[in-house]
Engineer: 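My questions will all concern the structure given below.
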Amino acid sequence: MMVCGGWCGSWDGEQQQQQQQQQLQQHDRDVTAKGLASANKTNHNNVNSSANVSAASSSAATSGGVGAATTSWDQDVPAPELPYPAAALLVGVCACVCFVNSLPGDFVFDDSEAIVNNNDIRSDTPLANLFHNDFWGTRLTHPSSHKSYRPLTVLSFRLNYAWGGLTPLSYHAVNIALHSLVSVMSLRIFYVVFGSCAPRAAVLSAVLFATHPIHTEAVSGIVGRADLLCALFVFIAFLSYVRAVRSMTEENANRKLGCSRGWCGQSLLYMLMTTAATATAMLCKEVGITALGLCSAYDILLAHGGLIGHTVILFIMGHNQRAVASWRSLPGGSVRGAMCRHLTLAVTGLALLAGRWVVMGSTVPRFMKVDNPASFIDSVLFRSLNYQYTYSMNALLLLLPIWLCFDWSMGCVPVIVNFGDLRLLLLPLLWFAFIMLLRRGVTQGRTAHTSRCVLMGLALGIVPFLPASNVFFRVGFVIAERVLYLPAAGFCVLVVTGMRELATAGHVSKRVIQVGYVFLVVVFVLRCQQRSRDWLTERQLFSSGLHVCPLNAKVHYNMGKVAADSGDVVEAVRRYREALRLNADYDQAMNNLANILKDQGHLDEALHLLQQATSLRSDFAAAWMNLGIVQASLGHHSAAETSYLTALTHRAVYPDCLYNLGNLYLEKGDHKAALATWTNATTIKPGLAVAWTNMLILLDSQGHYEPAIDVAHKALRHLPNEPALHFNLANTLGKLSRYQESESHFLLATNLDPTNANYWANLGVLYHRWRKYDRAQQAYVRALSLNPGLRSAQDNLSMLLKVTGKLSR
């Protein structure tokens, strides 16, 4: 018999077998309540009785129940029985093989905001900021924050950054390693769900979980690490709870024998571990709190042979007499222990929710209609129907992970607004499947173990999905594949349980089931690899989205961004216009299109688009700044200043806006205000080279050479390899006849940017004034080789040649 080792070994021992015997006796209609009570008393008084163990084993073997000494529940499953190390190695390898081709991938989609542009991952940002900001680096109390509080995930990115900077390879490697670890831990979870009597079923489920293509977004997309870390600690919390139940059961038995006192020792330690792991999971991603629900499901459905769940089902179905008999058959102290544990779970959950509410500033996140259109429907009926349709779509993605997309918003899933929509036909199928599974789950008797597996599979699939269901609060997405990372475990339990039922019934040959399973795993692996390739670059990712959701405005918008970044302005404009055609209120597309039109000189259309964007979203800081730039270009200085200041009210830490505001003050001739504004910008963002350069040029033009040199030296401490700073500092030093210092900075500038003709021309001027004519001539010639039409270099070279008498030659 394979054992799972460590955390998930067979935990009930002889007592579990006795409880199984009691369960089987309850379904015998000839047994009276009195007889059951007597049997319960006998069992409690003989916990370690070898006779009772033998009787239990015999009864279980006769009825085909769990706990049989000679047979196992999954003996008909056509798969070999593997020792735990081999099973763990198999699962880990499968997990790696599926996603190893994502290693050379870039930062794509949300990675840019969560990692590349997130100052919280950088070592020069105070560590405390992680616990005050959201996942994207925005203050949690800010109105625009999505309230996604995941400081431990951001901390993992910070460690990645300290290790390899912004090299994507290390981030992808960590994600793959985490998925492999979670997949191996899922093996332990499945041992608990199926029991130590079903080693084959556990391995088959773990392999399915490791290779399911729905995980691609969570593994290949670096921001999916939040789901990976969360799943890891949810599993730790669950396994700790299993050990807590086992320890409490043992302590209850020992207390009757006078060996221990009360609820103490290991059970308390494991309950504390459950609480700590749940809190940690929640600090990785919000869904971590559902670990408490999974623990509760285990306590009711699986602990003590599932007798508590069996009793509850009997009460619900109206079999009161049998329910009372089942209640009396419960091991002594089990009900009290379950109540204590559930009280602990409830207190933990309330404390975590209260803490989360305080951290969020006692406000809920605000989402736009385009994020989740169904949640904005006024009709409660149609809102509910749309939610149910998204549930069916999520179930379909688990069943047939063919249509996968990085984003399902903005027209990808059109809203159902009338009863004539054919998509409503999916809802009866969804509820029929759920009711049939539930019906099978409440079926007791000789197949009680299968029923418990079905119910636990449903719990694993539904409980972690609840935060994304829109039932408790509005979420900011329609469908998100990464939220199915944990629910996939429940799906795998149901699939393998179904395989076992088919094999046991004999309607399908074991060979067909075996071939079908292998084929499914191979298809899953190939689909994972194919989908991982889509996540290598943004262009590939967004292009794949067009095949699944051609009506998704966000897909076209992102294709426009990729085209603009690669310099294909025509394609970018086309994509942005298509995004606006599909969604006329897409403010981000308006902003980006206006930026391109501004650069092309189409200021009037750009002005109109930006005014529309700011009217649609009054707190759109970037659009307000860009509106100010366009207004300044049109000469509307007062309006531009108002737009810049409005942007700063919505985003106080906005160095780019301060830089542009400083430029506006310069145009208006207010040099003092310009310098002050640029100083603020560089204080916030020391790497803003253009602001430093403008300060240096302005001070130099006013004849304030020493302050200009001080500013340049401050700037170079942050930007030692910025050629423009070296160039302008060299010009200032040259005016002070500090030729040697000036030369050194000119040479640094030309080394850093050797193709800049102006740098060489000014170096020539320095040598010219320094009377180093040969070097001056060489610098002028180099400048003209780079830019033959550079008039200043031509004139200066002519003057030099006249002075040196070389003109005739």
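All values below were derived from every heavy atom in this structure, side-chain atoms included, with hydrogens, water molecules and symmetry-related copies excluded.
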Engineer: Could you give me the CA-CA distance, side-chain angles and deciding distance for I214 and F491, then say whether side chain to side chain contact (heavy atoms under 4.5 Å, CB included) is met?
Structural biologist: CA-CA 11 Å; I214 202 68; F491 168 81; over 6 Å; no
Engineer: Are E81 and P199 close enough that some pair of their side-chain heavy atoms sits under 4.5 Å apart?
Structural biologist: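 The answer is yes; the side chains approach within 4.5 Å.
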Engineer: To the nearest 0.5 angstrom, please state how far the CG atom of D299 sits from the CG atom of L294.
Structural biologist: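 Going from the CG atom of D299 to the CG atom of L294 covers 12.5 Å.
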Engineer: Any donor and acceptor pair, going by atom type alone, linking the side chain of T290 with main-chain N or O of V287 inside 3.5 Å?
Structural biologist: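 Yes, the answer is positive, given that a donor and an acceptor are paired below the 3.5 Å cut-off.
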Engineer: With S156, which residues qualify under side chain to side chain contact (heavy atoms under 4.5 Å, CB included), at least two apart?
Structural biologist: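 Partners of S156 under the side chain to side chain contact (heavy atoms under 4.5 Å, CB included) test: T153, R225, L229.
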Engineer: If the condition is side chain to side chain contact (heavy atoms under 4.5 Å, CB included), which residues does A114 pass it with, not counting sequence neighbours?
Structural biologist: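 So A114 forms a side chain to side chain contact (heavy atoms under 4.5 Å, CB included) with F135, W136, V223.
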Engineer: Does a salt bridge link D134 with K147, judged by any charged N lying under 4.0 Å from a carboxylate O?
Structural biologist: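 Looking at K147 together with D134, the answer is no, because their closest N to O distance does not fall below 4.0 Å.
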Engineer: If I compare all heavy atoms of Y517 with all of V203, which pair ends up nearest, and what's the gap?
Structural biologist: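 Shortest heavy-atom contact: OH-O, 4.5 Å.
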Engineer: Is the closest side-chain donor-acceptor distance between S296 and H342 under 3.5 Å?
Structural biologist: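 Yes, side-chain donor-acceptor contact under 3.5 Å.
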Engineer: With a 3.5 Å cut-off and no angle check, do the side chains of Y485 and H179 form a donor-acceptor pair?
Structural biologist: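 H179 and Y485 do have a side-chain donor-acceptor pair below 3.5 Å.
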Engineer: Within the structure provided, determine whether H132 and V359 are in side-chain contact (heavy-atom separation under 4.5 Å).
Structural biologist: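 H132 does not reach V359 side chain to side chain.
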Engineer: Which atoms form the tightest heavy-atom contact between Y191 and A87, and what is the distance?
Structural biologist: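 Looking at all heavy atoms of both residues, the closest pair is OH-CB, 4.5 Å.
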Engineer: Which atoms form the tightest heavy-atom contact between A279 and L352, and what is the distance?
Structural biologist: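 Nearest pair, atom of A279 first, then L352: CB-CD2, 3.7 Å.
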Engineer: Check A281 against F233 and note the closest heavy-atom contact, atom names and distance.
Structural biologist: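 In this case the closest contact between A281 and F233 is CB-CB, 3.6 Å.
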Engineer: Within a strict 4.5 Å, meaning less than it, do heavy atoms of the F99 and S180 side chains meet?
Structural biologist: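 Side chain of F99 against side chain of S180, heavy atoms only: no contact under 4.5 Å found.
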Engineer: Over 60° means perpendicular and under 30° means parallel, so tell me whether H212 and F524 are parallel, tilted or perpendicular.
Structural biologist: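 Ring orientation, 0 to 90° scale: tilted.
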Engineer: Assign the ring pair Y298 / Y241 to parallel, tilted or perpendicular, where the plane angle (0 to 90°) is split at 30° and 60°.
Structural biologist: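 Perpendicular: the ring planes of Y298 and Y241 meet at over 60°.
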Engineer: May I ask you to say whether E501 pairs ionically with R440, meaning some side-chain N is under 4.0 Å from a carboxylate O?
Structural biologist: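 Looking at R440 together with E501, the answer is yes, because their closest N to O distance falls below 4.0 Å.
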Engineer: Distance check, rounded to the nearest 0.5 Å: N175 atom CG versus S220 atom OG?
Structural biologist: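 Nearest 0.5 Å value for the CG-OG distance: 8.5 Å.
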Engineer: side-chain hydrogen bond (donor to acceptor under 3.5 Å, both in side chains), that's the test. Do Y270 and R246 meet it? Break it down for me.
Structural biologist: CA-CA 10 Å; Y270 286 124; R246 185 194 72 173; 4.9 Å; no
Engineer: Take R158 and D120 through the test salt bridge (charged side-chain N to carboxylate O under 4.0 Å, His left out) and record every step on the way to the result.
Structural biologist: CA-CA 7 Å; R158 189 173 175 124; D120 286 348; over 6 Å; no
Engineer: How many angstroms lie between CE in M456 and CZ in F190, if you round to the nearest 0.5 Å?
Structural biologist: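 Separation between the atoms: 10.5 Å.
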Engineer: Please confirm whether the backbone N or O of Y149 pairs with a side-chain atom of E286, one donor and one acceptor, at under 3.5 Å?
Structural biologist: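 It does hold such a pair.
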Engineer: To the closest 0.5 Å, what do you measure between CE (M360) and CG (L140)?
Structural biologist: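 These two atoms lie 8.5 Å from each other.
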Engineer: Kindly give the heavy-atom pair with the smallest separation between A459 and P464, and that separation in Å.
Structural biologist: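 So the two residues come closest at O-CD, 3.6 Å.
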Engineer: Can you check side chain to side chain contact (heavy atoms under 4.5 Å, CB included) on V234 and M282, steps first, answer last?
Structural biologist: CA-CA 9 Å; V234 166; M282 199 173 174; over 6 Å; no
Engineer: Below 4.5 Å, heavy atoms only, C-beta onward: do T497 and F194 meet side chain to side chain?
Structural biologist: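 The answer is yes, as the side chains (C-beta and beyond) meet within the 4.5 Å cut-off.
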Engineer: Quick one: does any side-chain atom of H449 pair with a main-chain N or O of G195 as donor and acceptor, under 3.5 Å?
Structural biologist: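 Absent.
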Engineer: Could you check whether any side-chain heavy atom of P126 comes within less than 4.5 Å of a side-chain heavy atom of N129, counting everything from C-beta outward?
Structural biologist: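 The answer is yes; the side chains approach within 4.5 Å.
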Engineer: Please find the pair of heavy atoms, one from V475 and one from P467, that lie closest to each other, and give the distance.
Structural biologist: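 The answer is CG1-O, 3.3 Å.
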Engineer: Is the shortest heavy-atom distance from the side chain of V93 to the side chain of L90 under 4.5 Å?
Structural biologist: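 A side-chain contact is absent here, since even the closest heavy-atom pair is not under 4.5 Å.
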Engineer: Does R482 use its side chain to pair, donor to acceptor, with the backbone of A218 at less than 3.5 Å?
Structural biologist: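 The answer is no, because no donor-acceptor pair under 3.5 Å joins these two groups.
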Engineer: First locate atom CD1 of I300, then atom CZ of R452, and finally report the distance between them rounded to the nearest 0.5 Å.
Structural biologist: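 Interatomic distance, I300 CD1 to R452 CZ, rounded to 0.5 Å: 14.0 Å.
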Engineer: Walk me through whether C295 and L345 qualify under side chain to side chain contact (heavy atoms under 4.5 Å, CB included).
Structural biologist: CA-CA 8 Å; C295 292; L345 294 178; 4.1 Å; yes
Engineer: So, are D74 and R500 salt-bridged, with charged N and O less than 4.0 Å apart?
Structural biologist: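 So D74 does not pair with R500 through a salt bridge.
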Engineer: Quick one, F465 with L486, criterion side chain to side chain contact (heavy atoms under 4.5 Å, CB included). Give me CA distance, side-chain angles, the key distance, then yes/no.
Structural biologist: CA-CA 8 Å; F465 182 74; L486 273 170; over 6 Å; no
Engineer: Using 0.5 Å steps for rounding, measure from the CG atom of L228 to the CD1 atom of I222.
Structural biologist: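 Reported to 0.5 Å precision, the distance equals 11.5 Å.
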Engineer: Sub-3.5 Å donor-acceptor pair from the side chain of H172 to the main-chain atoms of V100, do we have one?
Structural biologist: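 Side chain of H172 to backbone of V100, a donor-acceptor pair under 3.5 Å: no, none is there.
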Engineer: Parallel, tilted or perpendicular: which describes the rings of Y171 and F157, with under 30° parallel and over 60° perpendicular?
Structural biologist: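 Judged by the thresholds at 30° and 60°, the geometry between Y171 and F157 is tilted.
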